[in-house]
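Take a look at the structure below.
Given the structure is predicted, the values throughout are model-derived calculations rather than measurements. Letters A, B, ... are given to chains in the order of the sequence lines, protein chains preceding strands, and every chain is numbered from 1.
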Protein chains: 2
Amino acid sequence: MQKGTYTYDYPRPMVATDCVIFGFDGTKMQVLLVKRGEEPYKDSWVLPGGFLRMEESAEESARMMLREKTGLRETYIEQFHTFSAPERDVRGRVISIAYYALVRKQEVRQGANVSEVGWFPLDGLPELVFDHKDILDMALAKLRERIMFQPVGFDLLPEKFTMRALQSLYEAILGVEFDRRNFSKKILHVGLLTDLNESARSTPKRMAKLYKFNAESYGRLKEKGFRLEF
Amino acid sequence: MQKGTYTYDYPRPMVATDCVIFGFDGTKMQVLLVKRGEEPYKDSWVLPGGFLRMEESAEESARMMLREKTGLRETYIEQFHTFSAPERDVRGRVISIAYYALVRKQEVRQGANVSEVGWFPLDGLPELVFDHKDILDMALAKLRERIMFQPVGFDLLPEKFTMRALQSLYEAILGVEFDRRNFSKKILHVGLLTDLNESARSTPKRMAKLYKFNAESYGRLKEKGFRLEF
DNA sequence: TAATTTTGTGTAAACTTCACACAAAAAATG
DNA sequence: CATTTTTTGTGTGAAGTTTACACAAAATTA
C-alpha cells in the first residue's frame, strides 16, 4: 500500500483490525499490549492493530499482525465484533474489525524490529486509549461466553499440563472457583483429556498427574457443546 | 451523503451493512430478501443492505435499513460477522458488517417506496448473488449456536402462543425433533413462560393453552444460559 | 520424625433427563 | 348421536448428572 492520491465519489472510512491477544501464566489471564510509537497518544498502551491493506482480508491482516508481535503462526483467532462508532478514533472515521487470539505465552518470542510490547494481567491493565478498553472488555465477555459451552485451553496451555492448571485457567477466565474434585470428575467424565501416566511437580509439594487434550473429543465437544456448571 | 470528490492519501474500501432478517410462520423459518433494482445483478435476490454513511454507526445503519424494509423499530438485531474477502464484491473492495434480525412476521408491513421484497423459507431460497449465501449460512449457524444456550422466541413469536408453537420454532431453527412432553416439562420447569389460563385453537382439534414469555426469567436465562438438550 | 501442603479417590442425596402411556377435548365421520 | 381421529395435558420410573463433603497418600519443610 503506497502513499498517493485516491479519489472517490463518496466518502469512505478507514478500516483497521485490532487484536486482543490472551495468554495464561498458570494463574492469571494476561493480555499483550503495545506502546504507540507515534502521535496521537504517543507512548500510550494500545491493542496491537493496523490498517487493512486493499489486497488482504481482515483475518489475513490480523494474522499478519499477530505474527509480527509474537512470532506465532497457526494461532487460534476469532473475529468477535466490528467497532464503528463515528467518534471512536480521533484521527477520523475508522472502523475496526476486532479479533481475539489465544496463545501459549511460553512459545511467544518478541518479534525483531517491533515496538515495545508487554503482557499485562487483566486486573493490572494500564490505561488504554481510543476505545480499546471497550474492545478488550468485549473480547473477554465473548471468551467467557465461549468457555461456558465449549472447551477452551488447547490453545492456551502447554501440551502437557496438570488438572490443577486447567482448573486455574477456567477459574481465571470465569472469575469463579470450582470444587477441585467435582471439576476433575466432570472433565474426565466428558473425555476431554488423555491421562499421560506421567507426573510433574507443579508446586513444591506432591507431584501431579499430567494430561493432554484428546483432540478427537476436544473437537467433538466444541461442535456439540458441553456445559460447565458448578 | 452527497456525491462529490473525496481524496485520500491511501486507498480505502467501501463499507456496507447487510442484514439477515428471520421470521417464523408457525412452521418454518423464513428470510426476507429484496430484489436488486440496478446493475450489477439487476433483478437478482439479495439480502437487504446498504452503504454506511459517515455519520452513523453500523448498528444505526442496519436499524435504519430494517425500518425501511419492514416498518419495524425496536427490533432485536445482532452483529455476527464482518465479511472482508477482497474479491467478494464485483463493484470493488467492499467490507460488509453483517447483522441478523429476529422479527414477528405478522407485524411486518412492507415499507412504502421500497423495492420488491419477499419472504422465503430456508429450504426454498432463490439463488443469491455476491457472497450473500455465505452470509445467510453464517447467520443461521450463529442463531443455532445461540438458541442452544439462550432462550429465543421473544422476538419471533406473537405475544400469546401455544407450547406447540414454541416447540415448532425450536425444531425449525435446530432442524431436530423434541419429545412434546419433555420439551414442555423443561420449558415450564425453567420458568420461561407464564401460563395465561386462556385457550386457543391452533389446529382444528383440541384447543391448547396460551402462554407468554416471562420477561424477567427470559432475561435471566439469557444472562445465565440454559441448555436445551434432548 | 512430625507438620504442612497438595494430590487422588469415594460416597450419598438431590436433581435432571429421558423414554414411554393414558385420559380428555374438540372436530369429523357415518 | 355414537364412533373415530387428532391433538392436548399430565404422570411415572429408571438412568444419569450434579453437588456437597471426607479421608488417605505423596512430597517437601521444619
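Atom-to-atom, CZ of A:F183 to P of C:dT9 comes out at 16 Å; the value is rounded to the nearest Å. The distance between atom CZ of A:R227 and atom C1' of C:dT16, rounded to the nearest whole Å, is 13 Å. Taking atom CG of residue A:N197 and atom P of nucleotide C:dT7, one finds them 18 Å apart after rounding to whole Å. With rounding to whole Å, A:R164 atom CZ is found 14 Å from C:dT5 atom P. B:I187 places its CD1 atom 16 Å from the P atom of D:dT10, with the value rounded to the nearest Å. Between the OH atom of A:Y211 and the P atom of C:dT7 there is a distance of 11 Å, rounded to whole Å. A:L188 places its CG atom 13 Å from the C1' atom of C:dT7, with the value rounded to the nearest Å. Between the NZ atom of A:K186 and the C1' atom of D:dA20 there is a distance of 16 Å, rounded to whole Å.
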Pull out every protein N or O sitting under 3.5 Å from an N or O of nucleotides 11-15 of chain C, one pair per line with the distance.
from, atom 1, to, atom 2, distance (Å)
C:dT11, O4, A:K185, NZ, 2.9

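Ring pair A:F80/A:Y99: centre-to-centre distance not below 6.0 Å.
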Under 4.0 Å protein heavy-atom contact, by nucleotide of nucleotides 21-30 of chain C - B base, S sugar-phosphate only: B--BBSS---
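A:L210 is not listed as a side-chain neighbour of A:M163, based on a closest heavy-atom distance of 4.5 Å or more.
Applying the side-chain hydrogen bond (donor to acceptor under 3.5 Å, both in side chains) test to pairs two or more places apart or on separate chains, those with a residue in residues 119-145 of chain B are B:K28-B:D123, B:R88-B:D131, B:K133-B:D137.
B:F183 and B:F178 have parallel rings, their planes meeting at less than 30° on a 0 to 90° scale where 60° marks the start of perpendicular. Between A:F213 and A:F154, the angle of the ring planes lies from 30° to 60°, which puts this pair in the tilted group.
Only one option out of A:L66, A:V34, A:L72 pairs with A:I21 in a side chain to side chain contact (heavy atoms under 4.5 Å, CB included); it is A:L66.
For the pair B:K209 and D:dT8, the criterion of a side-chain N or O lying under 4.0 Å from OP1 or OP2 is not met.
Classification of B:K209 and B:E198 as a salt-bridged pair fails, no side-chain N sitting under 4.0 Å from a carboxylate O.
A distance of 9.0 Å separates CG of B:N197 from OH of B:Y211, quoted to the nearest 0.5 Å.
Residue A:K222 qualifies as enclosed at atom NZ: its count of foreign heavy atoms under 6.0 Å is above 12.
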